Protein chains: 2
Amino acid sequence: MSDRGTGQAPISGESLLFLTDDQLRRGIEAMFFAYRGFTADPDRILQEYAYGRAHHRAIHFIKRSPGNTVNNLLDILGVTKQSLNRVLRALIEDGLVESRIGKQDRRERHLFLTETGQELEKELSEAQRGRMRAAYRDAGPDAVAGFRQVLEQIMDPEMRRHFQTFKEGS
Amino acid sequence: MSDRGTGQAPISGESLLFLTDDQLRRGIEAMFFAYRGFTADPDRILQEYAYGRAHHRAIHFIKRSPGNTVNNLLDILGVTKQSLNRVLRALIEDGLVESRIGKQDRRERHLFLTETGQELEKELSEAQRGRMRAAYRDAGPDAVAGFRQVLEQIMDPEMRRHFQTFKEGS
DNA sequence: AGTTTATGTCAGCCTTGTTGACTTTCCAAG
DNA sequence: CTTGGAAAGTCAACAAGGCTGACATAAACT
């Protein structure tokens with residue numbers, strides 16, 4: 001906050017070395033390499049079930065807020081309904097996801113994980129959490145706070161809204 | 001080691017609340033949403049040139065270490081040579097990348113950006129750095145240090161090796 | 001009654017990943 | 001000098017998962 005009256009000026013009292021192009025490049029590459037690790041474990045598991053990342057994302061967010069409508073999920077995932085539909089159809093056919101017609105608005109479909117769906121979700125999320133937990137533990141709580149803070153700033157405002165919505169509500 | 005009035009965690013004196021499943025889930029979702037933002041700006045630019053993320057990645061790492069061999073790039077990007085080759089062929093045909101036969105080992109191809117290639121690289125990386133810079137500035141140096149630390153822990157050891165190699169050498 | 005909304009579905013296209021098979025080039029060891 | 005194998009390139013085929021466009025329902029809204 002007390003930015004010592006600059007905010008922008010070439011140099012302030014505070015070191016701004018962390019904003020050099022080289023530092024930024026390192027951050028960019030860190031994102032690239034880390035994201036590969038981030039998805040590696042679930043990817044391995046998904047392969048056994050002949051699913052892909054798209055299925056994982058759907059499963060994750062259905063688990064996250066059961067009863068969500070298709071439209072809502074579309075918004076969160078940022079894909080077209082045709083793309084999502086292909087994935088949902090497979091998950092419903094395979095008995096991992098249940099689609100219930102809305103009671104107030106019968107046009108809506110509310111999505112839930114079945115027993116089987118919850119099992120796969122657990123397997124996937126435990127693998128992914130395992131890696132995150134190890135990383136968090138090694139880095140420590142302060143680093144984790146910074147990690148989350150920077151990630152939140154990187155998001156588009158619209159995604160940040162989704163993210164923050166999830167933070168509060170169960 | 002008095003427990004700091006939290007209870008809940010039957011573990012050590014230090015609060016380990018940042019390792020709860022819920023905290024980990026938030027981190028996972030943060031990675032998901034942030035990565036979308038991370039790639040959004042370059043994606044928009046690439047569309048104008050009818051290129052994709054794969055082209056961006058190749059361009060980035062060729063710029064990063066000019067003269068690298070194809071095999072080396074393959075290792076960094078973690079894709080098959082057929083995949084990379086398709087991308088490289090397009091970039092070479094379009095005059096963005098130059099492939100020079102090795103002098104010691106004439107089987108090898110060393111990759112360089114042409115003038116035009118450097119221009120596109122600059123456009124892409126400036127867009128991506130712009131977002132990162134804003135995020136870094138808003139979060140501050142300590143948060144950035146934590147961000148980088150956690151990302152590094154998330155990587156596979158093999159990727160971490162690539163990442164750290166890049167940290168030192170120019 | 002007519003319009004809008006939510007969803008689903010079909011068809012076709014693109015990018016980017018995969019395997020497998022095969023060739024060319026060329027270094028290096030026998 | 002011959003041969004084995006590494007590095008690179010190419011062709012073919014395929015799959016996942018994005019996209020657009022068009023169209024069909026059903027239900028809600030006006």
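Here the structure is a predicted model, which is why all the values come from computation and not from measurement. In what follows, chains carry the letters A, B, and so on, assigned in the order in which the sequence lines appear, proteins first and then strands, with residues in each chain numbered from 1.
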Check: protein-nucleotides 18-24 of chain C nitrogen or oxygen pairs below 3.5 Å:
from: C:dT18; atom 1: OP2; to: B:Thr80; atom 2: N; distance (Å): 2.7
from: C:dT18; atom 1: OP2; to: B:Thr80; atom 2: OG1; distance (Å): 2.8
from: C:dG20; atom 1: O6; to: B:Gln82; atom 2: NE2; distance (Å): 3.0

B:Asp156 and its salt bridge (charged side-chain N to carboxylate O under 4.0 Å, His left out) partner, picked from A:Arg36, A:Arg44, A:Arg131: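 By the salt bridge (charged side-chain N to carboxylate O under 4.0 Å, His left out) criterion, B:Asp156 pairs with just one of A:Arg36, A:Arg44, A:Arg131: A:Arg131.
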
A:Arg106 side-chain N/O to D:dT25 phosphate OP1/OP2 under 4.0 Å: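 Looking at the OP1 and OP2 atoms of D:dT25, neither is under 4.0 Å from any side-chain N or O of A:Arg106.
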
Under 4.0 angstrom between B:His55 side-chain N/O and C:dT15 OP1 or OP2: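 For B:His55, the contact criterion (side-chain N or O under 4.0 Å from OP1 or OP2 of C:dT15) is not met.
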
Gap between atom CZ of A:Arg148 and atom CZ of B:Phe18 - 0.5 Å precision: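 Answer for the CZ-CZ pair, B:Phe18 versus A:Arg148, is 12.0 Å.
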
Rounded distance [0.5 Å steps], CG in A:Asn68 versus CZ in A:Arg109: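 That separation rounds to 15.0 Å.
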
In whole Å, what is the span from the [atom1] atom of [X] to the [atom2] atom of [N]?
{"X": "B:Tyr49", "N": "C:dT15", "atom1": "OH", "atom2": "P", "answer": "17 Å"}
{"X": "B:Leu46", "N": "D:dC19", "atom1": "CG", "atom2": "C1'", "answer": "16 Å"}
{"X": "A:His56", "N": "D:dG17", "atom1": "NE2", "atom2": "P", "answer": "13 Å"}

Aromatic plane relationship, A:Tyr49 with A:Tyr51 - under 30° parallel, 30 to 60° tilted, over 60° perpendicular: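 Because their plane-to-plane angle is under 30°, the rings of A:Tyr51 and A:Tyr49 count as parallel.
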
Aromatic plane relationship, B:His162 with A:Phe33 - under 30° parallel, 30 to 60° tilted, over 60° perpendicular: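 The rings of A:Phe33 and B:His162 lie parallel, inter-plane angle below 30°.
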
Which residue lies more 5' along DNA chain D, comparing A:Gly52 with A:Lys103 via nearest heavy atoms: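 First, find each residue's nearest nucleotide; the 5'-ward one identifies A:Gly52.
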
Nearest-nucleotide 5' precedence on DNA chain D, A:Gln104 against A:Val87: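 The answer here is A:Val87.
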
With the criterion being N/O to N/O and under 3.5 Å, what pairs connect the protein with nucleotides 1-7 of chain D, and how long is each?
from: D:dA6; atom 1: N3; to: B:Arg107; atom 2: NH1; distance (Å): 3.1

Minimum-distance pair of heavy atoms, taken over all atoms of A:Ile154 and B:Ala135: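 Looking at all heavy atoms of both residues, the closest pair is CG1-CB, 3.8 Å.
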
Closest non-hydrogen atom pair, B:Ala58 against B:Leu84: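 Answer, listing the atom of B:Ala58 first, then B:Leu84: CB-CD1, 4.5 Å.
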
Residue pair B:Leu19, A:Arg137: steps toward the side-chain contact (heavy atoms from CB on, under 4.5 Å) verdict: CA-CA 7 Å; B:Leu19 290 178; A:Arg137 199 178 35 224; 4.1 Å; yes

Test salt bridge (Lys or Arg N to Asp or Glu O under 4.0 Å) applied to B:Asp105 - qualifying residues, sequence neighbours left out: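 B:Asp105 satisfies salt bridge (Lys or Arg N to Asp or Glu O under 4.0 Å) with B:Arg107 only.
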
Sugar-phosphate, base or nothing in reach of B:Gln47, heavy atoms under 4.0 Å: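 It contacts nothing in the nucleic acid.
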
